[in-house]
Amino acid sequence: MAITYLDAIREAQARALEEDENVYIYGQDVANFGGAFKATKGLSDRFPDRVIDAPISEDAIIGSAIGAAIEGMRPIVEMQFADFSSIGFNQIINQAATHFWRTGVPCPITIRLPSGGTEGSGPFHSQSMESIYAHYPGLIVMTPATVEDAYGMLLEAIRIDDPVIFCEHKLLYYHLKAEELPKVILPVGKARIARAGRHATVVACSAMVHEALRAARELAEDGWEIEVVDLRSAKPIDTDTILASVARTGRLLAVAESFPWGGLTSEIVSRVASEGFHLLDAPPQRLNSKDTPIPYHPNLWRVHRPTWQSIASATRNLIQL
Amino acid sequence: MAITYLDAIREAQARALEEDENVYIYGQDVANFGGAFKATKGLSDRFPDRVIDAPISEDAIIGSAIGAAIEGMRPIVEMQFADFSSIGFNQIINQAATHFWRTGVPCPITIRLPSGGTEGSGPFHSQSMESIYAHYPGLIVMTPATVEDAYGMLLEAIRIDDPVIFCEHKLLYYHLKAEELPKVILPVGKARIARAGRHATVVACSAMVHEALRAARELAEDGWEIEVVDLRSAKPIDTDTILASVARTGRLLAVAESFPWGGLTSEIVSRVASEGFHLLDAPPQRLNSKDTPIPYHPNLWRVHRPTWQSIASATRNLIQL
Amino acid sequence: MRTDGPAAGRDRFVAAFQWMLLARTFEDKIAALYRAGKIVGGVYLGRGQEAFSAALGMQLSQENGDVFAGLIRDQAGRMAFGEPILDSARTYLGSVEGPMRGRDGNIHRGRPLRGMPAMISHLGAMVSVVNGMLVAKRFRGRTDVVGGAAIGDGGTSTGAFHEGLNQAAVEKLPLVIAVADNQFAYSTPTSHQYACEDLSDRAAGYGIRGYRIDGTDLETCLETFAEAIERARRGEGPQMVVGKLLRLAGHGEHDDARYIPDELKAKPHGGDCLLLAREQLLTKSWMSEDQLAALTAETQDKVEEAVARAQSEPDPNPFRESWHALATKHLAEGTPAAD
Amino acid sequence: MRTDGPAAGRDRFVAAFQWMLLARTFEDKIAALYRAGKIVGGVYLGRGQEAFSAALGMQLSQENGDVFAGLIRDQAGRMAFGEPILDSARTYLGSVEGPMRGRDGNIHRGRPLRGMPAMISHLGAMVSVVNGMLVAKRFRGRTDVVGGAAIGDGGTSTGAFHEGLNQAAVEKLPLVIAVADNQFAYSTPTSHQYACEDLSDRAAGYGIRGYRIDGTDLETCLETFAEAIERARRGEGPQMVVGKLLRLAGHGEHDDARYIPDELKAKPHGGDCLLLAREQLLTKSWMSEDQLAALTAETQDKVEEAVARAQSEPDPNPFRESWHALATKHLAEGTPAAD
Ligand SMILES: Cc1ncc(C[n+]2csc(CCOP(=O)(O)OP(=O)(O)O)c2C)c(N)n1
Ligand SMILES: Cc1ncc(C[n+]2csc(CCOP(=O)(O)OP(=O)(O)O)c2C)c(N)n1
Ligand SMILES: [Mg+2]
Ligand SMILES: [Mg+2]
């Protein structure tokens, strides 16, 4: 039986609800309806009191989850789309993120953000916000790229005593499949070598890992061995694993779907440049979406975000630098 | 007669109100009271209909300014503190920033953010948010460091057809003085060499320019000539001027008051690493605030943010790398 | 502006019915295209809300400079206000000739300079934008310009809605807020959305006039919005019209709305406003069966023509795109080097 | 829980008066320290609001697990609820022994695990946090726990306030929201804040019970909050108490509040609740002038002692700080290399 990335997210929540009675789910249409993407389907049948529909009030949804977390609950908040977390932004960055530091009382909430672009979703249903949240002290930002990580990291997110922004990629929901749920998973905070190589390192997370892997396969046909690092979490960043990879390859391309100014790729490039300068045989490079809102039309959208083609071409350039 | 940074901001608004009847000011306590920092003091006497007190509704304040801007007005919005723009975040990044790109109709609003830390202001009255806003396509982010720029850039911000996030530093309000208002100013988008040097380049903006200059004076006593680049705007970044400086010095330290993950300094370091790799004689470095909320107590606050002392010490390290 | 007399009443009713029919016909067509896989992204229908929406849109005056900010179920109101059918068709079909040029799609469209702001998805966010447009008009001496803004029962739970409505009340702006309480927000019934008896109970809390009407009855909708618009235009400040009705479709066309119990359709406010209006036309002999048949055919043709034209137009070409988001071109940053 | 009978009434009144006096005395001291340059950052006083604030704080029960979320003018309510005076003194003075350890200051303090969430500055944001605390209690079978949350007239204009109150109503939470309408938000009079007659007009729109009282009259405050708390505890859902009063200080101690016209102080709701309560104590012979003098002296001593102690305590030491914001230490990133 194949398990999708979405199934994994649902199963992780089911298991968390089962194992810990402090866990509950709160969000728009998450109960009977099972959520806009069906990530909570069936859960309200099994846990009728702990899967709760919310009004369209992102600020209050997150605020109340924070209040419950302070009291020791472990709320999972589903935003209908990552893009709508902009309404809960203040509660996330000023209330949740600062709470432990200010008061010494942990605030263990998990905020699930259905993230990233898909065809025809347009500027307000396609955003990748990991770079925004990772900027703020006090938050952990997870960006799983695999079914295994969707499952294992979500479980871990719920168990962690800090607020976790859990960025799930909508493009992976249905298409990414695994044979079974993982027994053990890599600890949070560790990156994963998704493909070993020696000519260049491509660092990516979430859906971009798969674009990078495809680009790597493409380049392998020409004999180039590209190492792909799956970052797994945007904060913390596993700088050691990245540096170790760059030490092997001498070349770095950082790829992310979010906007180009100041996000994940700049953080990675600048860490490597600062801390691994002498490992580099060529200028480190980055690839992001274009610096415009995310277009609705597939023709535009496909060019707006990085794809295996643009990653392959950037990697070819990099190898020749 | 000495003119402060705050005076310059007030005078720029007065002049804009005078020159263009489409200009108006909207914000909490901006009318009779003249604003929490007195940046609009006296303006409502001169322009009674065009300086308007708002309810405590940051989302609606910015939303309505956007609506008026669409109709051709040129609203200046004062947030009482930059930190409270988190409530207007959605309108800024999703409505204002996307408007021209989506509809072809410009949205010329200026949002003034009293920014940055001061003694005893704590986690919610001290934030520097330039990195958050600069991440989003469609926004211009200005970070003036001088009285001249506070004046000239604000005038320019109001005239520009795009939404401008205008980050004024509260620490500069009263203490920074000039003899007169500038006649001409450098165009927006151009950085300024605040001090010439040849041993290292320190790039900074806003209040950090002054810390960097003081660090440079300190190092000058040991014979080190530090070039200080005043960025002026966080978006666009004048990469050319930075690269030209690094070409002269071979060494880069990027300094900003905002949080360390993924902000202005990582953007600068990564641009230089990507585009000016071969100009670098040493690993490019960065200095930010610490990765915690901004502390209330002066003892903690002084260590939390970069200061001339920490810049001097980072620069010394850099020179020896 | 209401002209009284029976003929005026009939003309208004018939005109509104025509917009309702056009909207319904257009949306049926779009839904069919969606099922055929010809539409990328979501499709959201105003089925059941045409009377409420058209009654507002139609009685505002685009020529006068009025504003109409429709949301996802305001096909009827948008058309009645003056949005060309081609704008709708082109946006749904992603034509580069449309007002959004393929950059944005489906209901995310508008022509802000013609009183039609282009909604962002975040519910509640358009209210204050309309306020601002009215503020701008007032700065230019126009206080007789009315802004209509749509919201759903779910949208009333947003902070943006509250801030916007309160702002309009404080500034005494000529805003008519049309709350289409269609009993659901996506799958969520109103019992999870609010705890007051009727959303019009909120009007007093803002110090504004509230109306509570059957949103499926076209005549009531027309009368109420006529009054609300007139009062707003006269300087009486914001008006809040709450129409009770039922969403006669899924949230979007991907949603079979299984969660809406059939009983609701039989209850008051559960009916189909288009059928009700059609019946009234016949009962009052304002239109005959034949006239209705002719109108239906004519409307169908209009829709087919617009859709066919939009379908024949070019898609956006990514290599022709400027890929800059700024009006001030010289300040736009280049795309990153590796790109 | 109210025990009736004249003695109970007297005891309650006297107890509340004591908290009011303590708060006023403490704040006078802090204001003096501020003027002497001994306090870093802002100082915000509850002068004129002590009756309204204490009446809520005192009648909630910390032992029962109740919650009190005070804002910037709730020194009295915080103390009456059970916040140790040392917590206040230490936070204002930045002592490392205080609950915020110098990381946060002045009114930004709390002990969340003892029912006292630590406010963030963003107005309105604490309402939903209190909701969540009540939700947690309910998950654990406690429906008899009440949460009190303070807000000002200005704070009611925030979207967060609206979302929070509506959420509480939908979830029928035992929330008592205390709206201190002190006629100003910083310099902004209520005419620029809302357009309804009284903010209690909003209650119906949330489907909750509203109360509209003279917030300067201690007895009224005590009675009203007693009823509101009792109803909330009984499961009747959120209660909204709006108290009319006047801010008898600047917004903060940096503000001379020149914009508040003197006439307002003479108008109803413009009086000083502490003086009024004092008069009533004397009129009813519940306390004598001598007793009052003794109480005042005793209160002064308490304040001096707490302040002296806090002043003698160490400031935070940056080299002892962990400089990490996470509870999960091993996931905290190091500070950047150059640092
Ligand atoms: C702030 C925000 N949160 C969530 C959504 C996702 N969403 C889109 S439509 C919808 C339901 C809207 O319900 P209602 O306001 O009643 O309008 P209706 O769809 O019934 O016309 C939701 C939750 C959104 N658009 N905006
Ligand atoms: C969202 C937000 N915007 C602005 C501020 C700045 N601010 C702090 S207190 C205040 C006035 C508050 O007025 P009110 O709610 O009436 O309370 P009061 O001070 O009168 O007790 C303002 C504007 C804030 N704290 N939060
Ligand atoms: Mg609805
Ligand atoms: Mg007030």
Side-chain angles (χ1 to χ4, degrees), chain A residues 58-59 83-84 86-87 89-94 97-98 101-102 122-124 127 130-132 134-138 141 234-237 252 254 258-278 280 282-286 289-295 321, chain B residues 58-59 83-84 86-87 89-94 97-98 101-102 122-124 127 130-132 134-138 141 234-237 252 254 258-278 280 282-286 289-295 321:
Chain A
E58 281 78 5
D59 183 279
D83 317 50
F84 298 130
S86 57
I87 311 284
F89 182 65
N90 182 57
Q91 295 281 13
I92 298 174
I93 64 149
N94 282 318
T98 67
W101 181 83
R102 292 173 69 233
F124 310 116
Q127 294 172 25
E130 73 285 344
S131 300
I132 291 300
H135 181 65
Y136 283 96
V141 182
K235 190 167 188 182
I237 289 177
L252 171 71
S258 46
F259 300 123
W261 197 105
L264 186 59
T265 59
S266 74
E267 183 63 26
I268 292 167
V269 166
S270 95
R271 285 189 193 199
V272 170
S274 291
E275 301 169 41
F277 189 67
H278 299 294
L280 287 163
Q285 301 295 316
R286 348 160 26 196
S289 85
K290 294 197 186 291
D291 196 27
T292 72
I294 302 153
L321 281 176
Chain B
E58 281 78 3
D59 183 279
D83 317 51
F84 298 129
S86 57
I87 311 284
F89 182 64
N90 182 58
Q91 295 281 13
I92 298 174
I93 64 149
N94 283 317
T98 67
W101 181 83
R102 292 174 67 234
F124 310 116
Q127 293 172 26
E130 73 286 343
S131 299
I132 291 299
H135 181 65
Y136 284 95
V141 182
K235 190 168 189 180
I237 289 177
L252 171 72
S258 47
F259 300 124
W261 197 106
L264 186 59
T265 60
S266 74
E267 184 62 28
I268 292 167
V269 166
S270 94
R271 286 189 192 198
V272 171
S274 292
E275 300 169 41
F277 189 67
H278 299 295
L280 287 163
Q285 301 295 316
R286 358 169 6 204
S289 85
K290 295 196 186 292
D291 196 27
T292 73
I294 302 152
L321 281 176

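Below, chain A is the first sequence line, B the second, and so on; all start at residue 1. On a predicted model such as this, the values are computed, not experimentally measured, just so you know.
- Between A/Phe89 and B/Ser86, the shortest heavy-atom distance links the atoms CD2-O, 3.8 Å.
- Ranked by heavy-atom pairs under 4.5 Å with chain B, the first of A/Asn94, A/Ile87, A/Thr265 is A/Asn94.
- For the set A/Leu252, A/Thr98, A/Ile268, A/Thr292, the entry with the most heavy-atom pairs within less than 4.5 Å of chain B is A/Thr292.
- Highest contact tally toward chain B, considering only A/Ala254, A/Pro123, A/Ala282, is held by A/Ala282 [criterion: heavy-atom pairs under 4.5 Å].
- Interface remark: B/Leu321 contributes no atoms to any contact with chain A (heavy atom separation under 4.5 Å).
- In this structure, the portion of B/Asp83 lying under 4.5 Å from any heavy atom of chain A is its backbone and not its side chain.
- The candidate from B/Ser131, B/Gly138, B/Gly122, B/Ala97 with the greatest count of non-hydrogen atom pairs under 4.5 Å with chain A is B/Ser131.
- Proximity to chain A (any heavy atom under 4.5 Å) is restricted, for B/Gln127, to the side chain, taken from C-beta onward.
- Of all heavy-atom pairs between B/Ile132 and A/Tyr136, the closest is CG1-OH, 3.3 Å.
- For the pair A/Ser274 and B/Val269, the tightest heavy-atom approach, listed with the atom from each and the gap, is OG-CG1, 4.3 Å.
- If you measure heavy-atom distances from B/Phe124 to chain A, the contacts under 4.5 Å come from the side chain alone.
- Proximity of B/Trp261 to A/Pro236: side-chain heavy atoms (C-beta onward) are nowhere separated by under 4.5 Å.
- Only the backbone of B/Ile294 comes within less than 4.5 Å of a heavy atom in chain A; its side chain stays farther off.
- For the set B/Pro293, B/Ala273, B/Gly263, the entry with the most heavy-atom pairs within less than 4.5 Å of chain A is B/Pro293.
- Using a 4.5 Å cut-off on side-chain heavy atoms (C-beta onward), B/Asn90 and A/Glu58 make no contact.
- Taking the six-membered ring where the residue is Trp, A/Phe277 and B/Phe277 present tilted rings, their angle falling between 30° and 60°.
- Of the listed residues (A/His135, A/Arg271, A/Glu267), just one forms a side-chain contact (heavy atoms from CB on, under 4.5 Å) with B/Ser266, and that residue is A/Glu267.
- Counting heavy-atom pairs under 4.5 Å between each of A/Ser258, A/Pro295, A/Gly276, A/Pro283 and chain B puts A/Pro283 at the top.
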